[in-house]
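I have placed the structure first, in the form of structure tokens, so that the comments after it can refer back to it.
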Amino acid sequence: MDGKKKIFSGMRPTGKLHYGHMAGALINWVKLQNEYDCYFGIVDWHALMSDYADSSKVAANCQEILLDWLAVGVDPNKAAIFIQSHVKQHAELHLALSMITPLGWLERCPTYKDQILNLQNKDLSTYAFLGYPVLMAADIMLYKSFAVPVGEDQGPHLELTREIVRRFNNFYGDLFPEPETLLTPSAKMPGLDGRKMSKSYGNALEIADDMETVWNKLRTMTTDPARYRRTDPGTPEKCPVWDIHKFFNKDEAELAEIHAGCTSAGIGCVDCKKKLMVHVEAMMGPIHDRRKRYEGDDKALREILESGAARARKIAEQTMDEVYAAIGLLK
Ligand code: TYM
């Protein structure tokens with residue numbers, strides 16, 4: 001692995017993963033694992049930041065995420081797959097970075113304000129939740145990740161990470177690279193109601209959903225609101241189903257046909273959705289087969305997490321030695 005550039009990315013175990021996770025991040029991970037030394041963390045401390053009052057599902061959600069990752073093609077023989085809390089250095093670096101992070105940076109972070117507004121059923125006015133991006137910076141910096149494959153919503157967090165890197169390097173010497181953001185073409189996949197696909201909005205198509213469930217959800221999915229009747233012409237660029245088509249449908253000629261059919265009212269929304277289903281089934285079939293193969297194989301799953309954590313720990317220990325030396329703490 002030496003000599004290869006390193007990449008970290010992570011996902012919160014707050015439930016099963018959905019098509020947005022796959023389109024915005026996982027397809028990139030599956031490609032990047034062939035070229036780079038990749039570290040993919042199931043970030044359970046981050047899940048606790050919002051779910052601390054009922055932590056009963058965090059452990060089970062970690063297993064579900066692991067299954068979803070393996071199903072989509074994240075390969076434990078290439079990437080290190082592990083649970084964030086199994087590599088203690090994440091918490092350690094988080095503490096070190098909290099020393100240098102100005103409160104104003106965190107208070108101004110747009111995702112902080114959004115989350116407080118959107119998740120009003122949870123009390124998020126905690127010390128840890130304000131520091132959410134600091135732990136995220138620690139995750140990334142621990143592996144000196146040169147780039148981070150994420151969806152568009154993580155942009156502000158990565159900007160903050162770069163600021164924390166600059167501040168650390170300024171105080172203690174150049175130790176960390178400023179990580180780039182790596183986006184996919186579907187960096188913001190819409191959900192059934194047209195808003196960003198998100199578990200907390202209840203508008204998600206889950207990776208584990210069977211095809212009947214997917215069709216039942218898709219059938220009622222919002223389309224271009226101007227296409228009120230079948231005879232009204234539509235604008236695909238205003239239709240969230242079109243975004244999903246662009247991810248699943250690689251047949252350029254058919255896409256052009258659908259585009260023309262929509263704008264001329266030649267085809268209806270149900271026809272368009274039926275065409276989409278063919279491509280969803282083709283992509284999800286092998287994914288579901290792989291998920292089934294791992295389901296229940298607790299021994300294999302445990303081994304993947306143990307060897308992933310061991311690999312991650314090696315790098316994490318090395319980085320923390322350098323951090324202590326750079327700050328100048330007594331050995
Ligand atoms: P999380 O768990 O909310 O989402 C995981 C990844 O999926 C992407 N994503 C989407 N992309 C496109 N369209 C969507 N509708 C969609 N929904 C989710 C997210 O952008 C993300 O890439 N803070 C992070 C977890 C994290 C992390 C890190 C990420 C913790 N430490 C270090 C990278 C590096 C989060 O909450 O992602």
Side-chain angles (χ1 to χ4, degrees), residues 6-30 32 38-51 58 61-62 64-65 68-69 72 74 79 82-85 87 90-91 93-94 97 109-112 114-115 118-119 124 128-129 131-162 164-165 179-207 240 243-244 246-247 312:
K6 294 189 192 62
I7 283 186
F8 176 89
S9 195
M11 293 195 182
R12 279 172 308 149
T14 48
K16 283 187 180 147
L17 299 181
H18 53 65
Y19 288 8
H21 294 114
M22 184 167 71
L26 290 174
I27 52 151
N28 243 356
W29 295 15
V30 170
L32 294 163
C38 288
Y39 296 82
F40 297 134
I42 300 175
V43 291
D44 51 352
W45 283 123
H46 277 105
L48 275 179
M49 286 178 179
S50 53
D51 295 353
V58 174
N61 287 339
C62 287
E64 293 293 346
I65 290 211
D68 284 331
W69 285 4
V72 170
V74 181
F82 61 99
I83 308 279
Q84 183 190 38
S85 67
V87 180
H90 286 257
L93 185 55
H94 168 250
L97 297 180
C109 187
T111 50
Y112 177 66
D114 282 359
Q115 296 271 36
N118 281 328
L119 301 176
L124 297 179
F129 193 71
Y132 184 106
V134 183
L135 180 57
M136 198 163 148
D139 297 339
I140 295 165
M141 291 164 69
L142 201 49
Y143 304 94
K144 298 191 182 167
S145 186
F146 86 100
V148 189
V150 284
E152 193 184 274
D153 58 344
Q154 299 301 311
H157 291 150
L158 289 191
E159 195 45 53
L160 241 161
T161 297
R162 287 188 280 271
I164 294 174
V165 163
E180 296 164 30
T181 308
L182 294 179
L183 297 177
T184 70
S186 310
K188 188 179 178 185
M189 183 173 258
L192 302 172
D193 56 1
R195 291 187 292 170
K196 188 192 84 163
M197 191 179 287
S198 165
K199 180 104 186 158
S200 56
Y201 294 156
N203 65 359
L205 294 159
E206 289 179 356
I207 293 175
D243 283 318
I244 302 192
K246 281 190 294 185
F247 174 68

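FYI, the numbering just counts along the sequence from 1. Atoms within a ligand are numbered from 1 in the order they appear, just like the ligands themselves.
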May I ask whether Y19 has any heavy atom positioned less than 4.0 angstrom from an atom of ligand 1?
no

If you measure from each heavy atom of S9 to ligand 1, is any distance below 4.0 Å?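 In this structure, S9 qualifies as a contact of ligand 1 - some heavy atom is under 4.0 Å.
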
Only residue of L17, V43, D68 satisfying side-chain contact (heavy atoms from CB on, under 4.5 Å) with M11 is L17

Which of I207, V30, T184 passes side-chain contact (heavy atoms from CB on, under 4.5 Å) with M22? It is I207

For [X] and ligand 1, does the shortest N/O to N/O distance drop below 3.5 Å?
X    : answer
R12  : yes
V150 : no
D139 : yes
M189 : yes
V43  : no
K196 : no
G20  : yes
E152 : no

How many angstroms lie between atom [atom1] of [X] and atom [atom2] of [Y], to the nearest 0.5 angstrom?
X    : Y    : atom1 : atom2 : answer
L142 : L93  : CG    : CG    : 5.5 Å
E159 : T111 : CD    : OG1   : 12.0 Å
Y39  : D139 : OH    : CG    : 14.5 Å
H21  : S198 : NE2   : OG    : 7.5 Å
L32  : F40  : CG    : CZ    : 6.5 Å

Heavy-atom distances under 4.0 Å decide this one: backbone, side chain, both or neither, for [X] against ligand 1?
X    : value
K188 : backbone
T14  : neither
S186 : backbone
A187 : backbone
V148 : side chain

Can you name the atoms of ligand 1, numbered from 1 with element, that are less than 4.0 Å from a heavy atom of [X]?
X    : answer
I140 : 32 (C), 34 (C)
H18  : 17 (N)
F8   : 28 (C), 32 (C), 34 (C)

May I ask you to check whether Y132 and H94 place their ring centers less than 6.0 Å from one another?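 No; H94 has its ring centre 6.0 Å or more from that of Y132.
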
Given side chain to side chain contact (heavy atoms under 4.5 Å, CB included), test L135 with M49 step by step and report yes or no.
CA-CA 10 Å; L135 180 57; M49 286 178 179; 3.6 Å; yes

What residue and heavy atom of the protein are closest to [atom], and at what distance?
atom                    : result
atom 24 (C) of ligand 1 : Q154 OE1, 3.3 Å
atom 20 (O) of ligand 1 : D153 OD1, 2.4 Å
atom 18 (C) of ligand 1 : H21 CD2, 3.6 Å
atom 5 (C) of ligand 1  : M11 CG, 3.4 Å
atom 25 (C) of ligand 1 : G10 O, 3.7 Å
atom 23 (N) of ligand 1 : Y132 OH, 2.7 Å

- [ ] Using atom types as modelled and distance alone, determine if a side-chain donor or acceptor of W45 lies under 3.5 Å from a backbone N or O of Q84.
- [x]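 A pair under 3.5 Å: no.
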
Item to check | Side chain D193, main chain N203, donor-acceptor under 3.5 Å | outcome: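 Not confirmed, D193 side chain does not pair with N203 backbone.
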
- Message: If you count every heavy atom of other residues, nucleotides or ligands that lies below 6.0 Å from K144 atom NZ, does the total exceed 12?
- Response: yes

Before you tell me yes or no, could you show the steps for H157 and V150 under side chain to side chain contact (heavy atoms under 4.5 Å, CB included), namely the whole-Å CA-CA distance, both residues' side-chain angles and the distance that decides it to 0.1 Å? CA-CA 10 Å; H157 291 150; V150 284; over 6 Å; no

Tightest non-hydrogen contact, residues Q154 and M136, listed as OE1-CE, 3.2 Å

